Amino acid sequence: MAAGRPGFRTLPRGRGPTGFIRKYWTAQSARFAAGNKKAAQDADSVEEAPRRRTDVRLALPAAFVWAASIAGLWLPPGALAGLCCILLLLSAMLLQKTWRVRRMRPVTGGPRKPAGRSFLTTTAIALLLAATAAAHSAVASTQRHEGPLAAAVSSGRSVVAVVEVAGTPRALNPPNQAGTPSRWSVAVWTRDVSTGGVLLRTRAQLLITGGGAWGNVVPGQLVRATGKLRPPDPGREEAGMLTASSGPGKPTGSPFLQESAKELRERFVSAASFLAPDPQGLLPGMVTGDTSALDEGLETAMKTVGMTHLTAVSGANCSLVLGALLLACRRLRLPRVPAAALAVAGLGLFVLLVGPDASVLRAALMGAVAVASLAGGRTGRGLSFLCLAVIGLLLADPGLGSSFGFLLSVLATLGIIILGRHIMDWIPALIPRWAAAAVAVPLSAQLLCGPVTVVLQPQFSTYSLLANVLAAPLVAPVTLLGTAAVPLVVLVPWAGTALIAVAGTFSAGVAATARFAAQLPGAALPWPEGAPGLLTMLFLSVLTYGALWAAARPHRLRRGVSAAHAQTVTLIERLEGYAARTLRKTHGRPLPGPGRGSRQVRRGAGLDRAAGHGRLGYSTKISGRKPRWPLRKSVQPVPRHRTAPPGGM
């Protein structure tokens, strides 16, 4: 018998029931630990997954280009030339410094700082682009301040000019007037200007205001205009304004595409004439931008509830058209690059149909950049796309820098990019994603556009968010079905009429939403004008965003309040110490040691916190002839003199 306990056989280690249980338990424990470790690693990877950071590198160049464009509308040519030289000099200095930093080797062997080089390079490029925008603005500034055309404008001469139409005519309806507009404003480029027997061949931008047939001209058309010149308003990009004394005379030709687009718009308006009055005027405005048949009551209602962006084609329409075309191309199994090319071509035709408006051009350019990046496999950079669109449009037309429509378009897109994603993430997961987007998109756009909107129209639309949320699901069917019906009106009239009927039903819902919201009590509240209105609306936007954050993050709010309370307590304690030191310097005696005396000194210094209770109380011990405010109650009891009752002895 082997050595061990008497009467027991010693088995090899790992055999027998005890060894089997030990091995089984060890295996199960290892498997359980491995599972927990894998789960913990998965959780850590989910929590510590790097979030996609917002790329803000193009924000600085966009801001510089915008500032240079605005400066070009106000400064004279000499000041603009000096500004261009300064910007070019600063850009050259930064580029030289960047090159020196790149060539310099680290002395201590430490790593280089690519972030610093990247910032310097970005700033240099921003200054270079700003100089380009300022140089472009200097050309228009020269036409406004110098030359024979500027002299004719300043003296208010009568001219006969051959001009090229540069934009879609805009109606100049007086307030509270319904029906067909009586006067129009048209942006044109001059070819020949004849005044006082002198023929000027110059290319300058004018703004013609006239009635009658001036609402029928199309972009690219050459017409003859007669009238009287007058100086433009300060900050405008036009070299002058021409008050037409007659209609456009002897058109010498018009582009085929522009004329075809105008004919399509007119035929679409005629094809929608069988609809009810509200969708009959609203549908062409939402699809082709033609608001000539829009009812004035409906227009006023949409303005009251903040839905004017739906009465004409905006960036949302371009985004819907671009997304639908890209989706259709991908459904046909087309490769990425051909699908992107076809989508951009379709977007170009849509812009040609509705007219080259500022917001439409911004949306079209941004959509083209987004599709190009998608074809290259780089997505998720919405702010970069917006900055590229802003830089491209301002370099092409610096006059957009002073356009409120362009500003509102950029702010709305910026709000959706920056704030929309956060608001969607704050909405509980129980709500569907499409419903969260329907609330987050108009709210985020309104938060940034509100301060500018109250400057243009000093009123607060109480139900703007509610009306836009209710109308949001109806905008996509109206845009897509109506746009598809435009060519079908010519090719297959019955199919186009059917699509117009369906799209008209959805547009009737948009009109009904606007009228219902406008009739609610307090739909339009008065708001302060000017800078006070802007600042108060900005404060309201910040307060609304903070309330949403607090409602979505109650735990963080509680921690923030606790931290603020702790900081307040610390500040009060420091104030107590400062008051105690002031008391010591004033009375020339040292502070007593720990105990009751120290307690009395702290009480004499100001606020005191009751021990163990966290409550604050005013001190009642004062010294000197000039007590500090507020006056403390005296510690000594005041003797009370008893008075006899009335009639008593």
Side-chain angles (χ1 to χ4, degrees), residues 54 56 59-60 62-71 73-75 175 233-236 302-309 314-315 358-359 362 383 386-387 390 394 399-423 426 439-469 517-518 520-553 556-557 560-561 564 567-568:
T54 303
V56 297
L60 185 63
F64 278 22
V65 171
W66 203 326
S69 301
I70 295 177
L73 299 175
W74 294 88
L75 297 179
D233 297 332
R236 299 287 300 180
M302 300 191 76
K303 185 180 297 184
T304 301
V305 297
M307 297 175 63
T308 53
H309 60 282
S314 62
S359 61
R362 192 272 314 160
L383 184 59
L386 177 62
C387 293
V390 169
L394 290 177
L400 292 176
S402 62
S403 172
F404 277 99
F406 181 72
L407 175 61
L408 289 174
S409 180
V410 173
L411 287 178
T413 308
L414 182 64
I416 295 173
I417 292 173
I418 301 299
L419 307 180
R421 177 64 60 182
H422 295 288
I423 295 176
W426 294 345
V439 176
V441 170
L443 178 58
S444 57
Q446 187 177 359
L447 288 178
L448 289 189
C449 293
V452 180
T453 305
V454 296
V455 175
L456 301 176
Q457 186 178 1
Q459 70 177 23
F460 177 70
S461 300
T462 310
Y463 309 105
S464 175
L465 178 61
L466 176 63
N468 282 278
V469 169
L520 294 176
L525 301 177
W527 202 263
E529 299 181 4
L534 187 147
L535 294 177
T536 51
M537 181 56 70
L538 181 61
F539 174 75
L540 181 60
S541 298
V542 173
L543 187 63
T544 303
Y545 187 76
L548 290 175
W549 179 87
R553 300 288 189 272
R556 292 187 181 181
L557 177 63
V561 171
Q567 293 293 333
T568 305

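On a predicted model such as this, the values are computed, not experimentally measured, just so you know. Because only heavy atoms are used, hydrogens play no part in the values below, and waters and symmetry mates are left out as well, while side chains stay in.
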Between Leu73 and Ser402, what is the shortest heavy-atom contact and its length?
CD1-OG, 3.2 Å
Are the side chains of Leu448 and Ile418 in contact, using a 4.5 Å heavy-atom criterion?
no
As an exercise, state the distance from OG1 of Thr304 to CD of Gln457, rounded to the nearest 0.5 Å.
7.0 Å
Heavy-atom pair of closest approach, residues Ala440 and Gly420:
CB-O, 3.8 Å
Using a 4.5 Å cut-off on heavy atoms from C-beta on, say whether the side chain of Leu383 contacts that of Leu414.
yes
Within the structure provided, determine whether Pro442 and Val469 are in side-chain contact (heavy-atom separation under 4.5 Å).
yes
Non-hydrogen atoms of Val305 and Ala518 that approach each other most closely:
CG1-N, 3.5 Å
Shortest non-hydrogen contact from Leu394 toward Gly401
CD2-N, 3.6 Å
Nearest 0.5 Å, please: how far is CD1 in Ile416 from CG in Leu443?
11.0 Å
Heavy atoms of Lys303 and Gln459 approach each other most closely as O-NE2, 3.8 Å
Val454/Thr536 under side-chain contact (heavy atoms from CB on, under 4.5 Å): CA gap, chis, key distance, verdict
CA-CA 10 Å; Val454 296; Thr536 51; over 6 Å; no
Rounded to the nearest 0.5 Å, what's the gap from CG on Leu540 to CG on Leu535? Could you check?
12.5 Å
Return the minimal non-hydrogen interatomic distance between Gly306 and Ser461, and the atom names on each side.
N-OG, 3.8 Å
Any non-hydrogen side-chain atom of Val65 less than 4.5 Å from a side-chain atom of Val390?
no
Could you measure the distance from the CZ atom of Phe404 to the SG atom of Cys449? Nearest 0.5 Å is fine.
12.5 Å
Is there side-chain contact between Phe460 and Met537, with at least one heavy-atom pair below 4.5 Å?
yes
Look only at the side chain of Trp527 and the backbone of Gly533, and say whether a donor-acceptor pair between them is shorter than 3.5 Å.
yes
Is Tyr545 reaching over with its side chain to a backbone N or O of Ser444, donor-acceptor style, under 3.5 angstrom?
no
Working to the nearest 0.5 angstrom, can you tell me the gap between Leu447 CG and Leu411 CG?
11.5 Å
When you compare the side chain of Asn468 with that of Met307, does any pair of heavy atoms fall below 4.5 Å?
yes
To the nearest 0.5 Å, tell me how far Leu548 CG sits from Leu543 CG.
10.0 Å
